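One-based numbering along the sequence shown. All values derive from a computational prediction rather than experimental measurement.
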Amino acid sequence: MSDLGGHIHLVLPDPTERAACFRALAVGGGRIVRSFANADAWLEAEAERESGILLFHWRQPGATSGAALLDRVAGRAGTTIFVAADHLAIEETRAVLRGGARDLLPAPLDPRLVRRAIERSLGDWHLRQDALSRHREAETRLAALTPRERDIVGAIAAGLGNKAIARRLDLSPRTVEVHRANIMRRVQAGSVAELLRLQFTAESAGPAENSVHFGA
């Protein structure tokens with residue numbers, strides 16, 4: 001993924017539909033909207049490196065089908081997927097569900113519905129990216145600790161004092177104090193509250209991707 005986030009990509013074969021959705025999403029500015037005639041063009045442009053929102057029609061002309069495109073992007077934490085379709089067989093619907101699409105929009109697309117759905121999703125996307133960024137920062141700072149220091153952080157998070165930690169880990173209280181001072185220095189925490197925030201943030205998986213809404 002590139003550092004540029006929140007891009008909106010439209011992979012819609014019908015030029016009229018593509019132009020209408022592009023105009024609806026580009027109104028007001030403040031976001032990057034790119035459109036492609038088919039999945040092959042999207043892949044050739046290496047657009048998959050840009051995180052954000054991807055809306056594509058299930059029926060794709062060319063070598064790359066909608067199913068193949070979904071398989072390629074499924075599970076990417078930085079990409080929220082919307083699928084447009086006029087009719088899906090049961091197996092195709094299952095494929096969309098398994099692929100983790102955020103929403104299944106009825107085709108032909110209503111640009112107003114597309115705008116509402118994607119704008120709502122963009123807010124969720126930014127929240128997830130912020131949470132993911134905090135999670136990674138916390139993991140990076142805690143990675144500087146030794147296994148023993150991680151044990152002590154876990155004990156602190158469990159609410160244990162120095163004496164209780166010393167008994168649990170078979171250490172002297174003075175050794176625990178030294179470890180605690182080193183921990184605060186290594187993770188650059190100004191207080192125990194900040195240390196605990198890092199620990200709990202690192203343990204959290206962050207907000208999960210929403211399930212399929214089916215045009216909600």
Test item: Pro108 and Asp14 side chains (from C-beta on) under 4.5 Å apart, heavy atoms: no
Min side-chain heavy-atom separation Leu43-Arg72 under 4.5 Å: yes
Sequence neighbours excluded - side chain to side chain donor-acceptor pair (under 3.5 Å) pairs with any residue from residues 186-196: Arg141-Glu194, Glu149-Arg186
Lys/Arg N to Asp/Glu carboxylate O, Arg49 vs Glu46, below 4.0 Å: yes
Main-chain N/O of Ala26 paired with Arg31 side-chain donor or acceptor, under 3.5 Å: no
Closest non-hydrogen atom pair between Ala85 and Leu104, with its separation: CB-CD1, 4.3 Å
Close side-chain approach of Ser65 to Leu70, heavy-atom, < 4.5 Å: no
Joint cluster assignment, Val178 & Met184, ILVMFWY side-chain distance < 4.5 Å: no
Derivation of the side-chain contact (heavy atoms from CB on, under 4.5 Å) call for Leu54 and Thr80: CA-CA 6 Å; Leu54 172 63; Thr80 299; over 6 Å; no
Donor-acceptor under 3.5 Å (Arg115 side chain, Ala24 main chain): yes
Nearest atoms (heavy-atom pairs only) where Ala166 meets Ser172: CB-C, 3.9 Å
Cluster link Leu142 to Val192, ILVMFWY, side chain under 4.5 Å: yes
Test item: Trp42 and Leu69 side chains (from C-beta on) under 4.5 Å apart, heavy atoms: yes
Gln60 side chain to Gly66 backbone, donor-acceptor under 3.5 Å: no
Main-chain N/O of Ala117 paired to Ser121 side chain as donor or acceptor, under 3.5 Å: no
Leu160 side, atom CG; Ile165 side, atom CD1 - distance, nearest 0.5 Å: 5.5 Å
Atom of Leu196, atom of Ala157 and distance for their closest heavy-atom approach: CD2-CA, 3.5 Å
Greater than 12 external heavy atoms within 6.0 Å of Arg174's CZ: no
Residue pair Asp40 / Pro61: nearest heavy atoms and the distance that separates them: OD2-O, 4.3 Å
Considering all heavy atoms, the nearest Ala47-Phe36 contact: CB-CZ, 3.8 Å
Residue pair Val114, Leu55: steps toward the side-chain contact (heavy atoms from CB on, under 4.5 Å) verdict: CA-CA 9 Å; Val114 169; Leu55 166 61; 3.9 Å; yes
Any donor-acceptor pair under 3.5 Å from Thr175 side chain to Leu171 backbone: no
Salt-bridge criterion met for Arg94 and Glu91 (N-O under 4.0 Å): yes
Side-chain donor/acceptor of Arg34 to backbone N/O of Leu10, under 3.5 Å: no
Worked verdict on His179 versus Val176 for side-chain contact (heavy atoms from CB on, under 4.5 Å): CA-CA 5 Å; His179 276 306; Val176 173; 5.6 Å; no
Pairwise distance OG1(Thr64) to CD(Glu44) - rounded to 0.5 angstrom: 8.5 Å
Minimum side-chain heavy-atom gap Phe82-Ile53 below 4.5 Å: yes
Glu17 (side chain) donor-acceptor with Leu109 (main chain) under 3.5 angstrom: yes
Exam field: side chain Asp103 to backbone Leu105, donor-acceptor pair closer than 3.5 Å: no
Ionic contact status for Arg59 with Glu92, cut-off 4.0 Å: yes
Nearest-0.5 Å distance, CG of residue Leu113 to SG of residue Cys21: 9.0 Å
Check ion pair Arg180-Glu177 (N to O, under 4.0 angstrom): no
Under 3.5 Å donor-acceptor, Asn38 side chain and Pro13 backbone: no
From CA spacing to verdict: side-chain contact (heavy atoms from CB on, under 4.5 Å), Arg102, Ile81: CA-CA 5 Å; Arg102 163 67 183 261; Ile81 305 165; 5.8 Å; no
Ile156 side chain near Leu195 side chain, heavy-atom distance below 4.5 Å: yes
Exam field: side chain His135 to backbone Thr201, donor-acceptor pair closer than 3.5 Å: yes
